[in-house]
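A short worksheet on the structure shown next.
From a predicted model like this one, the values you see are computed outputs, not experimental measurements. Numbering of ligands and ligand atoms starts at 1, following listing order.
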Amino acid sequence: MNGQILVAYATRAGSTAGIAEAVAEVLRDAWYTADLSLIKPDLLPDAYDAVILGGPIYMGSMREVEEYVRAHHAALESRFRAAFAVGMSFVKDDEEKLAAARDPLKKAISPLEPEHLGYFAGRTDPARLSFLQRVALKVVGSPIGDFRDYAAIKAWAREVSGDLGGSHTP
Ligand SMILES: Cc1cc2nc3c(=O)[nH]c(=O)nc-3n(C[C@H](O)[C@H](O)[C@H](O)COP(=O)(O)O)c2cc1C
């Protein structure tokens, strides 16, 4: 492991970008070379020693992550070390509901099973949403606001960083 890491993320309203940036920052603090990129079809995992993928949950699905994993399954198999999901369902502290809220990430990356899975509360900003999206949030009783917990995000990223191993240069 030479320390070239890809942190690739999807976002529709911007909040996952801040989370992915925080993850990349922790890796850089540990002297890894972390490239931060939006998930896009021509982004190849091949040049990297390790890949971390993250994205938001919309209507119970992580479409962008799922499509990327399906398209790059073979290259990811040996490199996919961690994945994270961002959603408002992680604001709740009801253990039963939290367990169900983790399913979209597991489904999106299946059958791959990286050793680290992170689940982070996100942000809803009515000013960035369409009328229909605002109605959808109201119907499901989603909280409104910025619930990103950067201490928890960085603690998770440090765990991932500690397990990457290899010969990055301090
Ligand atoms: C229309 C809509 C549907 C959503 N559906 C879910 C959902 O099924 N589960 C969940 O946990 N969060 C859901 N969310 C919350 C988003 O995942 C959350 O706002 C996240 O931070 C968005 O990430 P982004 O800003 O990177 O796009 C939904 C938000 C909107 C606007």
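For ligand 1, the 4.0 Å heavy-atom shell contains residues Thr11, Arg12, Ala13, Gly14, Ser15, Thr16, Pro56, Ile57, Tyr58, Met59, Gly60, Val86, Gly87, Met88, Ser89, Gly122, Arg123, Thr124, Leu129, Gln133, Leu137.
Using bins of under 30°, 30° to 60° and over 60° for the plane-to-plane angle, the ring pair Phe84/Phe120 lands in the tilted bin.
With sequence neighbours excluded, no residue forms a salt bridge (Lys or Arg N to Asp or Glu O under 4.0 Å) with Arg123.
Side chain of Thr124 to main chain of Pro143: a donor-acceptor pair is present (N/O by atom type, distance under 3.5 Å, no hydrogens or angles).
Counting only residues at least two apart or in different chains, ring-ring contact (aromatic ring centres under 6.0 Å, His included) contacts with residues 56-75 comprise Tyr68-His72. Counting only residues at least two apart or in different chains, ring-ring contact (aromatic ring centres under 6.0 Å, His included) contacts with residues 85-116 comprise Phe90-Tyr119.
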Audit row: Glu21, Lys154, salt bridge (charged side-chain N to carboxylate O under 4.0 Å, His left out) steps and yes/no: CA-CA 10 Å; Glu21 273 160 25; Lys154 289 190 168 193; over 6 Å; no
